[in-house]
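Worksheet for the structure shown next.
We count residues from 1, following the sequence as given.
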Amino acid sequence: MHLKSENRLFSCVEQVLEELAALCRGKPAPREDGQGYLMIQRAFILPVDREDLCALYSQLRQCAALARALGGRLPPLAQPLLDWQGAAVQALECARQNGRGGDILAHLPKMERDLEALYALAEGPREALLAAATAQATETLARIGVKKS
């Protein structure tokens, strides 16, 4: 796939990550309209890569929707979720700039520590769903990293 096209697809994913960060900071965040999913679906990439990017995009949208639904109950989870989001953005930026999946894999230990902190703070079913959706996104990022390596 052409580098410019790949950058545009990663930008769709990063836009959802930015929405999640805004929600963690208690700032109003516009809902992403889902056009990124359609763009990824139509991209000329290997089907397995398309599936992974679509899955990641959908999982991150689910995280953002759950964070939005938690509203006032999000603050205890906000910091580990924000830390996870920061590591995910760094991983994607490194992979995009260097074109290597190893850069994603290098950030996974930090993301997993942040995920453990998120699970430790999850008290109710909605918080547990948010942690589970974040875990799914972490697994998808790892799969993308392995495939790009």
If you look at every heavy atom in Ala67 and Leu130, which pair is closest and at what distance? N-CD1, 4.3 Å
Which pairs, with at least one residue in residues 123-133 and sequence neighbours excluded, count as a side chain to side chain donor-acceptor pair (under 3.5 Å)? Arg73-Glu127
Should Arg61 and Glu19 be marked as a side-chain contact (heavy atoms from CB on, under 4.5 Å) after you check the CA-CA gap, both sets of side-chain angles, and the distance that decides it? CA-CA 9 Å; Arg61 286 209 47 193; Glu19 177 184 350; 5.8 Å; no
So which pairs with a foot in residues 131-144 pass salt bridge (charged side-chain N to carboxylate O under 4.0 Å, His left out), sequence neighbours left out? Asp52-Arg143
Can you name the residues that form a side chain to side chain contact (heavy atoms under 4.5 Å, CB included) with Ala55, not counting sequence neighbours? Gln59, Thr140
Set of residues satisfying side chain to side chain contact (heavy atoms under 4.5 Å, CB included) with respect to Ala135, sequence neighbours excluded: Leu115, Tyr119
Going by salt bridge (Lys or Arg N to Asp or Glu O under 4.0 Å), name the residues that satisfy it together with Glu93, two or more places apart in sequence or in a different chain. Arg96
Identify, with sequence neighbours excluded, every residue that meets side chain to side chain contact (heavy atoms under 4.5 Å, CB included) alongside Ala133. Gln62, Cys63, Leu66
Please report the interatomic distance CG(Leu141) to CG(Leu56), rounded to the nearest 0.5 Å. 4.5 Å
Are Ile144 and Leu92 side-chain neighbours, meaning at least one heavy-atom pair lies under 4.5 Å? no
Grab the two heavy atoms, one from Leu121 and one from Pro80, that are nearest each other, plus how far apart they are. CD1-CG, 3.7 Å
In residues 82-91, what donor-acceptor pairs under 3.5 Å come from side-chain atoms, sequence neighbours left out?
| residue | atom | partner | partner atom | Å |
| --- | --- | --- | --- | --- |
| Asp83 | OD1 | Gln79 | NE2 | 2.7 |
| Trp84 | NE1 | Thr138 | OG1 | 2.8 |
| Gln85 | NE2 | Leu17 | O | 3.1 |

Which pair of heavy atoms, one from Leu81 and one from Leu74, lies closest together, and at what distance? CD2-CD1, 4.3 Å
Pairs involving residues 105-121, ordered by first then second residue, that meet salt bridge (charged side-chain N to carboxylate O under 4.0 Å, His left out) (sequence neighbours left out): Lys110-Asp114
Over all heavy atoms of both residues, which pair between Cys24 and Ala78 is shortest? Give the atoms and the distance, please. O-CB, 3.3 Å
Distance (rounded to the nearest 0.5 Å) between Glu14 CD and Tyr57 OH: 13.0 Å
Atom CG of Leu23 and atom CG of Leu77: how far apart are they, to the nearest 0.5 Å? 12.5 Å
